[in-house]
Amino acid sequence: MELLLEGVSHAYGDLPVLEGIDLTVRDGEILCLIGPSGSGKSTLLAIMGGLLRPSGGRVATRGAPPDGCLNPLTYVFQDFALLPWRTVAGNVALALEHHRLPRGERRSRVGNALAAMGLGEFAGAFPRQLSGGMRQRVGIARALVVRPAVLLLDEPLSALDAQTRDLLTEEFLTLWRRERTTAVLVTHNLAEALRLGDRVAVLSRRPGRLREILTVDVPRDERSRPERAGRLAEMSAHLWSLLRTEAQAADRELADRR
Amino acid sequence: MKGGGERPVPFRGGGFEARRSRLLPPAALAGLVLVWHVAVAGGLANPLFLPSPVSVAAALWELAQSGALAVHLAASVGRVVTGWAIGTALGLAVGLAIGIVSAARAVGMPLVSALFPIPKIAILPLFILWFGIGEPSKVATIAAGVFFPTVIAAVGGVDQVPRSLIRMGQSFGMPVAAIVWRIVVPGALPIVLSGFRITVAIAVILVVAAEMIGADEGLGAFVLMAGNLMRTDQLLAGVVVLSALGLAGAGLISFAERLLLRWR
């Protein structure tokens, strides 16, 4: 499924945060959104999935969702957003409970999603008993259980330590290769964007505009090879130079505000 | 540092940590009873004004034997349970509405703030005029006393449910009723349950007050009658039963907390 954004802009009261965003998320790609803090990345993601009404412009989907899709635009949240009073299985099942599904299908969907994230033996555990990485695995399992058409990932790895982040990135890629679900990933981590993305969209500082869309021209499976490191470093340097001027300006702007 | 020699770093943490003790709580109660007994037996207190724990226990035994205790206890418990249930049900409904619907909050909160501080005993005569001298006016007093703290607890509980969880529910297309029932209500439960601790005590206080104003049966009426007859041993026996009633209520809430808040 494709996601189309036309002239999307948004303001919180008098404060414009996004301006004139035209963007097409292509079917089956991973699009990474990066930008300095306050560039409206998360706002844009919230608009994409209909959690926030933009002040201007429109968002549309094109194409049919996959078979058995219950929630075409599905989020994975930075803070996991797990219900602390539900077990791992209960949190995953939550996404299904308001749909009329045969009991057997519900059980098999939950079981498959848990198995896909390696959560089988933790089905009965409560979130407080889990590490951050395991909690986000639950968050991803809950997203998978509805068979999404587009995954909207809002800095899903930012709350995790570096090792867990690397582990989960690889796991996510393995899973993603099976279904090739369209995905938008908001991140502030350049390495993560260049590891996962087909394209990287750079937002400017507030009000966020699309500064550039960089196509990562190294096939995803070759990105960990040493001979590709040079090209990736070039792209990283380019993205960083874009970000740095924006980030510096944004930083100073905030300092002036106080 | 001058001198340069080795010095152990002194420990200065500690203190303020909550430590559980199995022995101290019963020991404190036993100590109180002991001091009481020694004071009376040693002639420090006039047994007519402060009967010894032994005579209170004897009076309690006598009341239990004669069946009077059962009658009074049943009357009071019946009123507490009915009044508390009505006040809690209405309070939860109103509190959830105020917590969830902005318009209900704008209307409800000022009303609750204005009516909550009114002592419910002060309006018991009004309830008697409205509902008659019988059971309904007593139950209404208890329900009114329980209602407002329940509303405040429910609103507070709803307010502290993280917005991110509600957004999550919306992002999965959950209908409003499902969000309320599966996210808001369980999220508010810890605060609602701690509110129950307060409302159970309020219900016991109010049943006594209401029974003192107009009742033949009930622990409040019994305590009042015992006081009028200078039967201080019976009076204190009634007070002990009231305390036990409050403790039993608190015990039930603790049980509910253990059952419902297992996830904490």
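These numbers were taken from a predicted model, which means no experiment stands behind them. Naming convention: chains lettered A, B, ... in sequence-line order (proteins, then strands); numbering from 1 in each chain.
No more than 12 heavy-atom neighbours from other residues, nucleotides or ligands sit within 6.0 angstrom of CD on Glu179(A).
The two residues Phe172(B) and His98(A) come nearest to each other via the heavy atoms O-NE2, 3.0 Å. The heavy-atom pair separating Arg182(B) from Leu83(A) by the smallest distance is O-CD1, 3.8 Å. Listed here is the closest heavy atom pair of Pro84(A) and Leu165(B): CD-CD1, 4.3 Å. The two residues Ser164(B) and Ala81(A) come nearest to each other via the heavy atoms O-CB, 4.1 Å.
At a 4.5 Å heavy-atom cutoff, Leu70(A) makes no contact with chain B through either its backbone or its side chain. At a 4.5 Å heavy-atom cutoff, Leu189(B) makes no contact with chain A through either its backbone or its side chain.
Near-neighbour residues of residues 45-61 of chain A relative to chain B, defined by a heavy atom under 4.5 Å from a heavy atom of that chain, comprise Ala46(A), Leu51(A). Taking non-hydrogen atoms and a 4.5 Å limit, the residue list of residues 128-142 of chain A in contact with chain B, ordered by number, reads Arg128(A), Arg142(A). Residues of residues 145-154 of chain A lying under 4.5 angstrom from chain B, judged on non-hydrogen atoms, are Val146(A) in numerical order. Contacts between residues 245-262 of chain B and chain A, defined by a heavy-atom separation under 4.5 Å, are made by Arg262(B).
For the options Ala177(B), Pro162(B), Gly173(B), Gly169(B), heavy-atom pairs under 4.5 Å to chain A are most numerous at Gly173(B).
Atom CG of Asp79(A) sits about 9.5 Å away from atom CE of Met168(B), to the nearest 0.5 Å.
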